[in-house]
Amino acid sequence: MTVQGWVYNRTDKGKLVFLLLREGTGFVQCVAFKNDLPAEVFERLLRITQESSIVITGMVRADKRAPGIPGGFEIGVKDAQIIQTANEDYPMALKEHGPDFALDHRHLWMRMPSQWAVLRVRATVISAIREWLDTNGFINMDTPILTPAACEGTTTLFETPYFDEGMAYLSQSGQLYNEADIFAFGKVYSFGPTFRAEKSKTRRHLTEFWMVEPEAAFCDLDALMEIEEQFVTHIVKRVLRDRQAELKSLGRDTTRLEKIEPPFPRISYDDALQMIQQIAAETTDPEKKELLKIEWGMDFGSPHETELTARFEKPVLVYGYPTQVKAFYMEPWPGRPEVCKSVDLLAPEGYGEIIGGSERMSNHELLLQRLHEHKLPEEAFKWYLQLRQYGSVPHSGFGMGVERTVSWVCGIEHIREAIPFPRTIKRVYP
RNA sequence: UCCUCGAUAGCUCAAUAGGCAGAGCGGGCGGCUGUUAACCGCUAGGUUCCAGGUUCGAGUCCUGGUCGAGGAGCCA
């Protein structure tokens, strides 16, 4: 058989050369004995540089000693043709790099096994997302990226000149458009890039990230939570089924992922708050105590989510947040207007929020009132308000961050590794 | 925007109390028939982020700046 690929690493033993070849879908070891091939070819393999492109002809055989992803087999080389000899100054050493250097060389860094594995898992996560939605009655209905104004009215937006229409803004959510779509199609999802111009500098933030946003008509908060746990479980199971070798090479403890099964624990904001307050009271570390300080009405920050989810093995659904910390369009809790029918899905192991969702407000007059309370321009939301005048129904939806989900599934430290070319506050290269 | 930390060879890092600029990897040359980031010998490789200051002497101390990282806020 022949293998086409790139030389990831070379080890020579005099009359024997090992080449660890990247061939796109995996890493395979090729072994060349001096006596098995023409002297001139062997001499070239002995001197081949890292990352050179090559076509190898040989025989596959099983060998427990052979490394690779997956390991356990290798190719005995009979002949080889070098396509291009890579320059000898390839900058990526076969070890850890600092983040600045690694990100400056993202175009090469992605060839490394760890990055290759994460991005392969990402592709499977995306495939599983579409698979579950497509087979559960959701239809893909993408939403515009160039938008006239803030969808939720709070987050900082990237802006761009738009002909004679003034400024257009890069989408930070397709949700409002999804809400229009469900009245035509019942259950829909949008899936695309999302842009946030916030100056967030943490391992959980990107300025450009991918979000899937399912939305369903005739769906209340309870039904939404069921959808979320089925959806997340399916994604985890697909990765466990199809990407074992990649997870293993990342050193991921998959027993944690194997426990992901519905139902997920459901906790009200009120109860979660009490748990956090108790944790804060019991902690002796004064710095941690200060970080965990919280009272009713405040949103959970990252330290709160971390402490809370550390006490569960599965993702946790926290519902019923205070209205004042959530977006204007969320349905109020029956009999408790200070609380809304929102739900966040917090991933375990300290990864925190990967899904934010809610039941949407279906009453026209109340929605109009909320718009005014939030000082949003009624004219810009005219179409959105009309949805409540022509056949309004209870409906719900959520947004899931792809990179945060991939980070959790892979067990990696930083979200920037979960997207091929990350965009952060200080980086738009390469 | 705020808080904390960092910047030394291509890369990852070390350098006692302020006293000759170092190692491993990667590159080059040589050796080895089972390497797993191989190993062994030799070799080349430096504006110690920038601008000032203190000092006989600064990678090290002081001032200002640049760039980066982690965290907070905000969020997926």
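Residue numbers begin at 1 in each chain, while the letters A, B, ... track the order of the sequences.
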Open item on the list: Determine whether the aromatic ring of A:Phe18 stacks with the base of B:G34, defined as ring centroids separated by less than 5.5 Å and ring planes inclined by less than 30°.
Closed with: no
TODO: Determine whether the side chains of A:Thr25 and A:Glu23 contain a donor N or O and an acceptor N or O closer than 3.5 Å.
DONE: yes
- [ ] Under 4.0 Å between any heavy atoms, over every strand shown, what does A:Asp299 touch: base, sugar-phosphate, or nothing? Just pick one.
- [x] sugar-phosphate
TODO: Just compare B:A76, B:C25, B:U35 and give me whichever is closest to any side-chain atom of A:Lys13.
DONE: B:U35
Task: Test ring pair (Phe, Tyr, Trp, His ring centres under 6.0 Å) applied to A:Tyr269 - qualifying residues, sequence neighbours left out - done: A:Trp296, A:Phe300, A:Tyr321
Open item on the list: Across nucleotides 65-72 of chain B, 5' to 3', mark each nucleotide with B, S or - according to how protein heavy atoms within less than 4.0 Å reach it.
Closed with: ---SBBBB
TODO: Could you check which of B:C32, B:A76, B:A37 has an atom nearest any side-chain atom of A:Asn9?
DONE: B:A37
Open item on the list: Measuring only the C1' atom in each nucleotide, how far is B:C3 from B:U48? A whole number of Å is fine.
Closed with: 28 Å
Open item on the list: Go nucleotide by nucleotide along RNA chain B from the 5' end; which of A:Thr207 and A:Pro67 gets its closest nucleotide reached first?
Closed with: A:Pro67
Task: CD/A:Gln4: more than 12 non-hydrogen atoms of other groups inside 6.0 Å - done: no
Open item on the list: Ignoring hydrogens, what is the shortest heavy-atom contact between A:Cys410 and A:Leu247? Give both atom names and the distance.
Closed with: CA-CD2, 4.4 Å
TODO: Using a 4.0 Å heavy-atom cut-off across all strands, classify A:Gly71 as base, sugar-phosphate, or nothing.
DONE: nothing
- [ ] Ignoring the backbone of A:Lys95, work out which of B:A37, B:C75, B:U35 is nearest its side chain.
- [x] B:A37
- [ ] Mark yes when over 12 heavy atoms from residues, nucleotides or ligands other than A:Met59 sit less than 6.0 Å from its CE; otherwise mark no.
- [x] no
Task: Separation of B:A37 C1' from A:Met112 CE (nearest whole Å) - done: 9 Å
Open item on the list: By the 4.0 Å heavy-atom rule, please label A:Gln29 as base, sugar-phosphate, or nothing.
Closed with: base
Task: 5' precedence on RNA chain B between A:Asp89 and A:Thr11 (nearest-nucleotide basis) - done: A:Asp89
Open item on the list: On the side chain of A:Arg404, is there an atom forming a donor-acceptor pair with the base of B:C75 - under 3.5 Å, no angle test?
Closed with: yes
TODO: Determine the Euclidean distance between corresponding C1' atoms of B:C67 and B:U33; express it in Å to zero decimal places.
DONE: 50 Å
Open item on the list: Assess the residue pair A:Thr207 and A:Phe158 against the criterion (side chain to side chain contact (heavy atoms under 4.5 Å, CB included)); give the C-alpha distance rounded to whole Å, side-chain angles, the decisive distance to 0.1 Å, and a yes or no.
Closed with: CA-CA 9 Å; A:Thr207 55; A:Phe158 287 105; 4.0 Å; yes
TODO: Go through RNA chain B and write down every stem, that is, every run of at least three consecutive Watson-Crick or G-U wobble pairs with distances under 3.5 Å, as range with range.
DONE: B:1-7 with B:66-72, B:10-13 with B:22-25, B:27-31 with B:39-43, B:49-53 with B:61-65
Open item on the list: Please determine whether a side-chain nitrogen or oxygen atom of A:Arg47 lies at a distance below 4.0 Å from atom OP1 or OP2 of B:G30.
Closed with: yes
TODO: Tell me what A:Glu74 touches on the nucleic acid: a base, only sugar-phosphate, or nothing, going by heavy atoms under 4.0 Å.
DONE: base
TODO: In whole angstrom, give the distance that lies between atom CG of A:Asp12 and atom P of B:U33.
DONE: 11 Å
TODO: Compute the centroid of each ring, for A:Tyr429 and then for A:Phe421, and state whether the two points are separated by less than 6.0 Å.
DONE: no
Open item on the list: Can you identify which nucleotide, out of B:C74, B:G34, B:U12, has its nearest atom closest to the A:Asp63 side chain?
Closed with: B:G34
Open item on the list: Which nucleotide wins on minimum distance to the side chain of A:Leu94, given the candidates B:A76, B:A37, B:C74?
Closed with: B:A37
TODO: Rounded to whole angstrom, note down the P distance from B:G22 over to B:U47.
DONE: 15 Å
Open item on the list: Given the structure, check if the side chain of A:His97 and the base of B:C11 hold any donor-acceptor pair shorter than 3.5 Å.
Closed with: no
Open item on the list: Centroid separation under 6.0 Å, is that true for the rings of A:Phe264 and A:Phe312?
Closed with: no
TODO: Verify whether one side chain among A:Ser127 and A:Arg238 offers a donor that lies under 3.5 Å from an acceptor in the other.
DONE: yes
Open item on the list: Please report whether the ring centroid of A:Trp116 lies less than 6.0 Å from that of A:Tyr8.
Closed with: no
Task: Listed nucleotide nearest any side-chain atom of A:Lys15, set B:C29, B:G34, B:U33 - done: B:U33
Open item on the list: Checking A:Gln230 against A:Glu226: is there a side-chain donor and acceptor pair closer than 3.5 Å?
Closed with: no
TODO: For A:Leu20, answer base if it contacts any base atom (sugar-phosphate contacts may also be present), sugar-phosphate if it contacts only those atoms, and nothing otherwise; contact means non-hydrogen atoms under 4.0 Å.
DONE: nothing
